[in-house]
Amino acid sequence: MALEAAGHLSEETLSLWKREQARLKALLVDRDTEAWQRDPAFSGLQRVGGVDVSFVKGDSVSACASLVVLTYPELEVVYEDSRMISLTAPYISGFLAFREMPFLVDAVHRLQEKEPNLMPQVLLVDGNGVLHHQGLPCIGVAKKLLQVEGLENNAAHKEKIQLLHAGGDTFPLMGGSGTVLGMALKSHDHSTKPLYISVGHKISLEAAVRLTHCCCRFRIPEPVRQADIRSREYIRRTLGLSGPPVPGQERNQKGPKSKAHPKGGSAEPAEENRHPEDPSKGPGTDPEAP
DNA sequence: GCGACAG
DNA sequence: ATCTTGTCGC
């Protein structure tokens, strides 16, 4: 199983994890609890958060966890907390939260201490919510379909994707039991691959999908995208060039050393970000070519 | 043995 | 998650 590939995880630990997931699932609220969630324009919503973890390439332990807070509807970053972390739990499909969530929760706690006024009203997370084997409370914004409950990324599924016409179009993801586990969402007009949205906590699936769509300037909703960009950039600018030197790459860097920004656990109102465009994923574009 | 496998 | 080159388009 995936368990072995990830190391020796005791059956006891796995049982504890499953029990914890069941416990949390029982507490999960999958309906709107805030007024803004039912408002057509999300009036009252002012801050949306996003979190992500990026890894150091050769390492499965060293990573950077980022929490960002964006204004709504402008989607401008007003808070960033990026810091290196050392993961302890292995990655096991179905138990992602046990690997990454503790550090993201820490970031939320730091935000509560330092800038409580910037606490987001909703948080978008990489991964799945109830679209999950057990159903962890978290807002799910997945980029790939997790094949559970009979869901399959098969020909039929791909056909439905083809039928998605404009940004905002969706189709339900039905589990074997007939339950709607989530929605596939074409996040913008020129996106080929949909996003897989599932409810996390205290929000309805409908509102979750609508909000995710409203947060998309590109395929990935800005909160998650900014957290992703910034966590990777943080790694690149700190230990990015400290990796083991490659034999055939002895180039000299004589340029002036850029001032080491006091980012050690940065939690600063990220002000810049005044560039009109930037599919800053790779040099080209995302896997989104029409 | 083979297929699956969010990040 | 990460590696990885070029290509097309605004």
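In what follows, chains are A, B, ... by sequence order, proteins preceding strands, each numbered from 1.
Between the CG atom of Leu173(A) and the P atom of dA6(B) there is a distance of 15 Å, given to the nearest Å. Nucleotide dT2(C) holds its C1' atom 10 Å from the CD1 atom of Ile235(A), rounded to whole Å. Across the protein-nucleic acid pair, Met101(A) atom CE and dG7(B) atom C1' stand 13 Å apart, rounded to whole Å. The separation between Asp59(A) atom CG and dC3(C) atom C1' is 15 Å, rounded to whole Å. As a whole-Å value, the separation of Asn128(A) CG from dC5(B) C1' is 12 Å. Between the CZ atom of Phe55(A) and the C1' atom of dT2(C) there is a distance of 10 Å, rounded to whole Å. Protein atom CZ of Arg99(A) is 19 Å distant from nucleotide atom P of dC5(B), rounded to whole Å. What separates CD of Glu152(A) from C1' of dC5(B) is a distance of 14 Å, to the nearest Å.
Side chains of Asp52(A) and Ser66(A): no donor on one and acceptor on the other come within 3.5 Å. Side-chain polar atoms of Glu11(A) and Thr13(A) form no donor-acceptor pair below 3.5 angstrom.
Among the heavy atoms of the strands, none lies under 4.0 Å from Ser60(A).
Nucleotides dT2(C) and dC5(B), compared at atom C1', are 16 Å apart to the nearest Å.
Taking each heavy atom of Ser177(A) and Glu149(A) in turn, the nearest pair found is OG-OE1, 3.7 Å.
OP1 or OP2 of dA1(C) sits under 4.0 Å from a side-chain N or O of Lys143(A). Within the structure, every side-chain polar atom (N or O) of Tyr196(A) is placed at least 4.0 Å from both OP1 and OP2 of dA6(B).
Taking the centre and axis of the six-membered ring of Tyr234(A), the NZ or CZ atom of Arg83(A) falls outside the cone set by 45° and 6.0 Å.
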Margin query: Before you tell me yes or no, could you show the steps for Leu123(A) and Val48(A) under side chain to side chain contact (heavy atoms under 4.5 Å, CB included), namely the whole-Å CA-CA distance, both residues' side-chain angles and the distance that decides it to 0.1 Å?
Written below: CA-CA 6 Å; Leu123(A) 194 58; Val48(A) 180; over 6 Å; no
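Side-chain atoms of Asp126(A) lie closest to dA1(C) of the nucleotides dA1(C), dA6(B), dA4(B). You'll find that the side chain of Ser93(A) is closest to dA6(B), out of dA6(B), dT2(C), dA4(B). Listed nucleotides: dT2(C), dA6(B), dC5(B). Nearest to the side chain of Lys144(A): dA6(B).
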